[in-house]
Q: 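Please read through the structure below; I'll follow up with questions.
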There are 2 protein chains.
Amino acid sequence: MTAASIAKDLRAAIRSGTYTPGDRLPSEAALMATYGVARMTARHGLSMLKDEGLTVTRHGSGVFVRAFEPIIRDTTGAPADDSTVTAEIDETGAGLTVRTLAVTAEADAPEKVRTALGLAEGDKVTVRERLHLRERKPVLFATSYLPASIAAGTPIAERDVGQGGTHARLADAGHAPVRFREDVVARMPSIEEIEELRIEPGTPVLAVTRTAFAADGTPVELSHVVLDAGEFMLRYDID
Amino acid sequence: MTAASIAKDLRAAIRSGTYTPGDRLPSEAALMATYGVARMTARHGLSMLKDEGLTVTRHGSGVFVRAFEPIIRDTTGAPADDSTVTAEIDETGAGLTVRTLAVTAEADAPEKVRTALGLAEGDKVTVRERLHLRERKPVLFATSYLPASIAAGTPIAERDVGQGGTHARLADAGHAPVRFREDVVARMPSIEEIEELRIEPGTPVLAVTRTAFAADGTPVELSHVVLDAGEFMLRYDID
DNA sequence: GAGTGGTCTAGACCACTTA
DNA sequence: AAGTGGTCTAGACCACTCT
């Protein structure tokens, strides 16, 4: 019970404000002395707090209370697009930059993508991958799939989609997206996501699957967006 | 590196389908033998998978690959309310039941609630707490705050709000909610949430703060909803 | 160099599950 | 009763940070 009780004490101290975000917690050695336990036990107590996302550990430096200052991602109406980031992310998102990682004009579509876009087997898709960074730290990774029958040959298949982003280009092509569906799931990140987004232990990700539909109901874009939940709050305004 | 490599091997095996949801992974003793490591090392490898939400452990029985079959919570237009649960939760949510835990006609409002509802210091709120269960397992905990000036004395302050839920009663009182804002955050659960929702290790929660506004823009209800992310997918339809 | 966290070993005892 | 995971001890060596 000792590891759990160490965690309990520290947790209470954090909640009560004895330790505030950024503060250093007692070291493993200090906890061993205070509680008279073996090192692995003190460690285990601390690791519980880490798993709860309450603390971050800095190797060689200490265990620190974590802060949460989320970027608000306001999805209402505003398309999530390369050149409209500042519109999409509200004022708290200042300092956000976008890096387009890869654009593939024609690629094979994974089964799930094909189904979501209503494509037949063998139909190609245009794929865009991008990364959002907040002060150098990657915070969001997005992959967009569009039917190549619509996107190939347009600026959507280029690195620079131009003013207004992919949605403006879709509109140019007569496929303006007018309705969106977002499916939101929270889960622990995969190893790849931990590396790509440099996610802290004890931090989940938000995985958003967004489908954009044209006026005739045709799906025109499918996006998989993975957000570091330690950095974001999703905001939805519903009428 | 060994604990990490054990985790890596098992993770790859799970992804490739060698182990499918529900399957038992090799025991700690088996991993000790296979990799020639101490027990704590094998354990650590397994605990990584648990922290990633890939597995669940059953004491005395084994470590099993986890499944994810989410309830879809479709928020579009449909109010999240006691008597409208079946409307709110789509067909995959069959088997969901609601338990109203507590109703307080007049309570002091926490500062954040007061601010969100635009109340003055000393103003009272009506508080409703409820728990949703899926086949006996609690999956969602919700607390609603309404200005007591509106709700006290109406069925909203009663255990049974009647047909149509609180939103219908708000409408009866001339405060029909017409606009909603939902702020969604994902994080690891607190100890209380782990106990209350019986959340598995390695599972985050979705914390939704929903504000309902009447036609004149007045906030009429603030709800804090905590969902077991191992059980839910949030769906938003946006025009 | 002193102090911090990261990893691993080898062994003990306990609690739960399954047959 | 045998097998499983849960917890703890006591000690080792390594890697990183701070001053």
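Naming convention: chains lettered A, B, ... in sequence-line order (proteins, then strands); numbering from 1 in each chain. In what follows, every heavy atom counts, from backbone to side chain, and hydrogens, waters and symmetry copies are set aside.
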Q: Mind listing the N/O atom pairs, protein and nucleotides 16-19 of chain D, below 3.5 Å?
A:
unit_1, atom_1, unit_2, atom_2, d
dT17(D), O4', G60(A), O, 3.2

Q: Answer yes or no on whether R210(B) is positioned over the face of F180(B), meaning its NZ or CZ is under 6.0 Å from the six-membered ring centre and within 45° of the axis.
A: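 Yes - R210(B) lies over the ring of F180(B), closer than 6.0 Å to its centre and within 45° of its axis.
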
Q: Expressed as a whole number of angstroms, how long is the span from L31(A):CG to dG3(C):P?
A: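 Spelled out: CG on L31(A) to P on dG3(C) is 16 Å.
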
Q: Regarding D9(A) and Y35(A), do their side chains bring together a donor and an acceptor under 3.5 Å, going by distance alone?
A: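 Side-chain D/A pair, D9(A) to Y35(A): present.
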
Q: dG5(C) P sits how many Å from H44(A) NE2, rounded?
A: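 Going from NE2 in H44(A) over to P in dG5(C) covers 16 Å.
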
Q: Could you list the protein-to-nucleotides 9-11 of chain C atom pairs, N/O on both sides, closer than 3.5 Å?
A:
unit_1, atom_1, unit_2, atom_2, d
dT9(C), OP2, A38(B), N, 2.9
dT9(C), OP2, T41(B), OG1, 2.3

Q: Which whole-number value in Å describes the distance from I6(A) CD1 to dT7(D) P?
A: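 Taking CD1 of I6(A) and P of dT7(D), I get 13 Å after rounding.
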
Q: Test side-chain contact (heavy atoms from CB on, under 4.5 Å) on R73(A) and Y236(A); report intermediate values, then the result.
A: CA-CA 9 Å; R73(A) 174 177 177 273; Y236(A) 295 95; 4.0 Å; yes

Q: How about L46(A) and L31(A): do any of their side-chain heavy atoms sit closer than 4.5 Å?
A: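 When only atoms from C-beta onward are counted, L31(A) and L46(A) do touch, with a gap below 4.5 Å.
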
Q: Rounding to an integer number of Å, can you tell me how far F64(A) CZ sits from dG3(C) P?
A: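 In whole Å, dG3(C) P lies 16 Å from F64(A) CZ.
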
Q: Please check the phosphate of dG3(C) (OP1 and OP2 only) for any side-chain N or O of S27(A) closer than 4.0 Å.
A: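 So the side chain of S27(A) is outside the cut-off, no N or O lying under 4.0 Å from OP1 or OP2 of dG3(C).
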
Q: Choose from dT7(D), dG5(C), dT7(C) the nucleotide whose nearest atom is closest to any side-chain atom of R43(B).
A: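 Selected nucleotide: dT7(D).
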
Q: Have a look at V225(B) and tell me which of V208(B), T143(B), L234(B) forms a side-chain contact (heavy atoms from CB on, under 4.5 Å) with it.
A: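 So the option named by the test is V208(B).
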
Q: May I ask you to check whether R136(A) and T97(A) show a side-chain donor-acceptor distance below 3.5 Å?
A: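 The answer is no; no qualifying pair exists.
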
Q: Check the distance between dG6(D)'s C1' and L46(B)'s CG and give it to me in whole angstrom.
A: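 Between C1' of dG6(D) and CG of L46(B): 13 Å.
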
Q: Which nucleotide wins on minimum distance to the side chain of T57(B), given the candidates dG6(D), dG6(C), dT4(D)?
A: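 Nearest listed nucleotide: dG6(D).
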
Q: M32(A) CE to dT4(C) C1': how many Å, rounded?
A: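 So the CE-C1' distance, M32(A) to dT4(C), works out to 13 Å.
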
Q: Taking atom types as modelled and ignoring hydrogens, do the side chains of R134(A) and H132(A) form a donor-acceptor contact shorter than 3.5 angstrom?
A: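 Their side chains do not contain a donor-acceptor pair, so the 3.5 Å distance test is not met.
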
Q: For T41(A) and T2(A), test the side chains for any donor-to-acceptor distance below 3.5 angstrom and give the result as yes or no.
A: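 Side chains of T41(A) and T2(A): no pair found under 3.5 Å.
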
Q: Rounded to whole Å, please give me the gap between CD in E28(A) and P in dC14(D).
A: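 In whole Å, dC14(D) P and E28(A) CD are 18 Å from each other.
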
Q: Does R58(B) make a cation-pi contact with F64(B), if we ask for NZ or CZ under 6.0 Å from the ring centre and within 45° of the axis?
A: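 Verdict for F64(B): a cation-pi partner in R58(B).
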
Q: Nearest whole Å is fine: how far is dT4(D) C1' from K50(B) NZ?
A: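 Spelled out: NZ on K50(B) to C1' on dT4(D) is 13 Å.
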
